[in-house]
Amino acid sequence: MRKYLKNSLLFLAAFLVLTAAHALPDLSTTTFQDEAFLELRDAVRKQDSAKAEQLARTLSDYPVPSYVEYYRLKSRLETASETEILGYISRYPNTAIADRLRNDWLLLLGKNGQWSTFDREYPLFQLKDDFQLRCYAMISRALKGEDVTADARRLLDVPRKNNDGCYALISTLKQNGRFNADDLWFQVRTAAEGSPVAFVKRLGILAGAQPAEVSRALEVPATVLSKGPGSGQAARQVFILALGQLAKKDHQQAADSLRGVEAQLTPSEQKAAWAQIALPASISLAPAALSYWKSADGAPLSSHAQEWRVRMALRSHDWESLDAWIDNMSDRLMNDVTWVYWKGRARQSLGDNAEARRYFASIADQYSFYGQLALEELGKKITIPGMAKPVTEAEVAPMAQNAGFQLALKFFSMNMRFEGIREWNWQLRNMNDRQLLAVAEFAKRSGVLDRMVNTSDRTREEVNFAQRFPMPFKDNMKIATKELGLDMSWAYGLIRQESRFVMHARSSAGASGLMQLMPATARLVAKKIGFVDYTASQINSLETNILLGTNYLKMMMDELDNSETLATAGYNAGPGRPRAWRNRLTRTVEGAIFAETIPFNETRDYVKKVMSNATYYAALTEGRPQSLKKRMGKVSPP
């Protein structure tokens, strides 16, 4: 008996040691502590280092010391020593926040040209998701004598908002003779497509133009155009820049200005000038844009411009041009599922059915808008794939014991969604399908359905569509959609895209709740349906948000030809915009063509994802194969 008790006590002691070793940290805090912590984050964002230091001292016992120390160090990073920074990283190895600090430090090292330290630390940066750091890394390679010209051209072919690293790279390549005048002016024109004006001006000056002339081309382009192209290359390029700026307001006037002086430009400058007019004309969906692109054929184009050139051929059903222009895209774009699908459609329209099927088959296994459409082109319908074997409690248990997931939940409870998502996603790196499904199940049990959806979406071989396409609040949704005659699957598809089922989701624009209603929209809908007691505080209520959101969706249907495609666009961008986009059609087009040629990036992506979601939801709820193509329908001019 004594031996039995001794062994039991030893077992218990071992169990307690093991449990303690894997015990989760206690993240319980007081409201006062959390408020001070949020103030600390805001002080750092406002670059108030004195206040940050003061607040950090009051949080010495806060249960998330890695973040308190990060904010404290971040607030004075420019003066912090290398020893301090490396000390922090070594105290919190392999954590999201330490990787974030390394990101911040690398930006500073690149800006200050501290290349030996940069080269040592950059390979240790794990997320590799900072575009500016890619520019700085390329500068370091160039300064060592490596020819990075081709890589730089590929990297810099889209406009960017974070530009210090990009400018430094372009300047370096100019200085070492790798970028010539044509390269520099291409960068100016690319930046003019969407980068801040100040950056465009800097590049124009770097390319050799007078600062005042660049400013006039960007701000009052008509004054530049009235003087003609001028004699030198810089003057002609400023003239071309001004054409693009004028075309954003009046493409016809810009085209007339070019035609009057076209002979004064070199052949390559003529093509670049037409491209400058063609892009804004395309974004305004002007029918003349296609002819502008044909006049620009052979001009170097950014990826953004390459896509819009193909979209205008698509909108006009010019399959021959579309086929050729996709072949001229960058490798990255050519391999994108969007252009693989439309390349297949082009080959199909030109009579090469075997090649078309090859393109469709290469993407038909993808659970996405174009994967679904490709499947239909192969003569199949959209169905729900076989479900993965349910995860076991033994698979879920380690996820519940993961300190990173617990920290993410803590941040979600404090409405620190950016930090929470970063911590959550950090834990998902290198997980296999079974682990991801287990994490998704843990997310469901923890009430964070958006993380369940996003995590489950990452699996490749084992899929669980119940996780990917949940249907919470089903009774509420059935009642709301049935009374209005709406397709519940469509409404669920919209919610999945809008909020990922986060009850108190709030967008940067101020939209709230499951169906992401703007305050003014909610008031308007409440008034129209006779909801006399509505107050703004009710917008996040489950019943109220679904009531107002589904009614707004019904209003979009009534205003926009009873078309789910148009109504989805209207829900995101307002009813006036899809109406205007439809009015500029010169022929009836498939719903997929209409969606792909929506000028707003956000709305274009939104419509495709909502309609794809709705098709899968219909397959789940109805238990029969579905057609996305039929759901998209056709869109005709008035």
Side-chain angles (χ1 to χ4, degrees), residues 44 47 49 69-181 183-184 186-188 190-191 195-196 198-208 332 422 426 429:
V44 174
Q47 298 182 321
S49 57
E69 288 185 49
Y70 167 78
Y71 290 135
R72 193 176 211 160
L73 194 51
K74 167 78 171 172
S75 69
R76 55 180 187 83
L77 191 59
E78 292 197 7
T79 59
S81 69
E82 181 175 320
T83 301
E84 286 181 280
I85 295 168
L86 291 175
Y88 174 90
I89 292 171
S90 66
R91 281 195 301 281
Y92 304 104
N94 197 34
T95 61
I97 196 62
D99 201 52
R100 180 72 174 183
L101 182 69
R102 180 173 269 121
N103 189 165
D104 299 332
W105 186 32
L106 283 165
L107 286 170
L108 190 60
L109 293 170
K111 181 180 177 181
N112 294 335
Q114 295 173 267
W115 300 117
S116 61
T117 309
F118 182 96
D119 292 344
R120 184 193 71 210
E121 294 298 318
Y122 185 65
L124 302 175
F125 176 47
Q126 295 193 44
L127 287 188
K128 295 288 191 292
D129 59 349
D130 191 307
F131 184 82
Q132 281 203 87
L133 287 185
R134 293 172 67 191
C135 289
Y136 282 131
M138 209 167 283
I139 292 171
S140 182
R141 289 166 55 197
L143 292 175
K144 294 180 180 65
E146 186 177 342
D147 185 359
V148 300
T149 311
D151 288 343
R153 286 179 180 141
R154 284 190 291 270
L155 181 66
L156 297 166
D157 78 335
V158 290
R160 294 284 176 177
K161 296 192 184 305
N162 299 323
N163 295 304
D164 286 345
C166 304
Y167 179 84
L169 174 59
I170 295 165
S171 179
T172 299
L173 293 174
K174 177 193 175 183
Q175 291 170 13
N176 65 18
R178 296 296 185 179
F179 263 20
N180 59 27
D183 288 312
L184 294 173
F186 175 75
Q187 291 303 320
V188 176
T190 298
S195 295
F199 181 61
V200 184
K201 288 181 181 179
R202 289 176 74 193
L203 285 179
I205 296 166
L206 183 66
R332 177 180 63 82
R422 185 175 62 201
W426 181 265
R429 296 167 305 121

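Checked against ring pair (Phe, Tyr, Trp, His ring centres under 6.0 Å), W115 has the following partners two or more places apart in sequence or in another chain: F118. In this view, R134 and Y122, F131, L155 satisfy the side chain to side chain contact (heavy atoms under 4.5 Å, CB included) rule, not counting sequence neighbours. In terms of the salt bridge (charged side-chain N to carboxylate O under 4.0 Å, His left out) criterion, residue partners of R102 (sequence neighbours excluded) are, by chain and number, E121. Take N103 and apply the side-chain hydrogen bond (donor to acceptor under 3.5 Å, both in side chains) test, not counting sequence neighbours, and it matches D130. Annotation: ring pair (Phe, Tyr, Trp, His ring centres under 6.0 Å) contacts of Y71 (sequence neighbours excluded): F37. Considering only residues two or more places apart in sequence or on other chains, S81 meets the side chain to side chain contact (heavy atoms under 4.5 Å, CB included) condition with T83, E84. Under the side chain to side chain contact (heavy atoms under 4.5 Å, CB included) criterion, I205 pairs with P211, not counting sequence neighbours. Legend: residues meeting side chain to side chain contact (heavy atoms under 4.5 Å, CB included) with R153, ordered by chain and number and at least two apart, are T149, F179, D183. In terms of the side-chain hydrogen bond (donor to acceptor under 3.5 Å, both in side chains) criterion, residue partners of Y70 (sequence neighbours excluded) are, by chain and number, D104. By the salt bridge (charged side-chain N to carboxylate O under 4.0 Å, His left out) test, R120 is found to be paired with E82, residues two or more places apart in sequence or in another chain being considered.
Residues P123 and D119 approach most closely at CD-O, 3.0 Å, considering heavy atoms. Looking at every heavy atom in both residues, S90 comes nearest to G87 through OG-O, 2.8 Å. Considering every non-hydrogen atom in both S195 and V200, the closest pair reads O-CG2, 4.1 Å. Here the shortest heavy-atom pairing between G165 and Q132 reads N-OE1, 2.7 Å. Shortest non-hydrogen contact noted between A142 and N176 is CB-ND2, 4.0 Å.
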Applying side-chain contact (heavy atoms from CB on, under 4.5 Å) to R141 and K144, what does each step give before you reach the verdict? CA-CA 5 Å; R141 289 166 55 197; K144 294 180 180 65; 5.9 Å; no
Quick one: do R422 and I97 satisfy side-chain contact (heavy atoms from CB on, under 4.5 Å)? Show the steps, please. CA-CA 9 Å; R422 185 175 62 201; I97 196 62; 3.5 Å; yes
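For the ring pair (Phe, Tyr, Trp, His ring centres under 6.0 Å) condition, the pairs that include at least one residue of residues 75-114, sequence neighbours left out, are Y88-Y92. Among pairs with a residue in residues 141-163, none fulfils ring pair (Phe, Tyr, Trp, His ring centres under 6.0 Å), at least two apart in sequence or across chains.
For the atom pair CG (L173) and CD (Q187), the distance works out to 9.0 Å, reported to the nearest 0.5 Å. Rounded to the nearest 0.5 Å, atoms CD1 (I170) and SG (C135) are 7.5 Å apart. In this structure, the separation between CZ on F186 and CG on N180 is 12.5 Å, given to the nearest 0.5 Å. The line from OG1 of T79 to CG of L73 is 9.0 Å long, rounded to the nearest 0.5 Å. The CG atom of D157 sits 6.0 Å away from the CZ atom of R332 when rounded to the nearest 0.5 Å. Residue L109 holds its CG atom at 7.0 Å from CD1 of I85, rounded to the nearest 0.5 Å.
Side chain of W426 to main chain of N94: a donor-acceptor pair is present (N/O by atom type, distance under 3.5 Å, no hydrogens or angles). No donor-acceptor pair under 3.5 Å is formed between the side chain of N163 and the backbone N or O of F199. Checking side-chain atoms of K174 against main-chain N and O of L206 turns up a donor-acceptor pair under 3.5 Å. Listed for the S171 side chain is no donor-acceptor partner under 3.5 Å among the backbone atoms of Y167. Distance alone, capped at 3.5 Å, is enough to place a donor-acceptor pair between the S75 side chain and the R72 backbone. Without hydrogens or angle criteria, T190 side chain to V158 main chain gives no donor-acceptor distance under 3.5 Å.
Partner E69 forms a salt bridge (charged side-chain N to carboxylate O under 4.0 Å, His left out) with one of R76, R91, K74 and no other, that one being R91. Checked against Y136 for a side-chain contact (heavy atoms from CB on, under 4.5 Å), the options L169, L107, L106 give a single hit: L107.
No side-chain heavy atom of V148 sits under 4.5 Å from any side-chain heavy atom of R178.
Heavy-atom contacts from other residues, nucleotides or ligands closer than 6.0 Å to CD of Q126 number more than 12.
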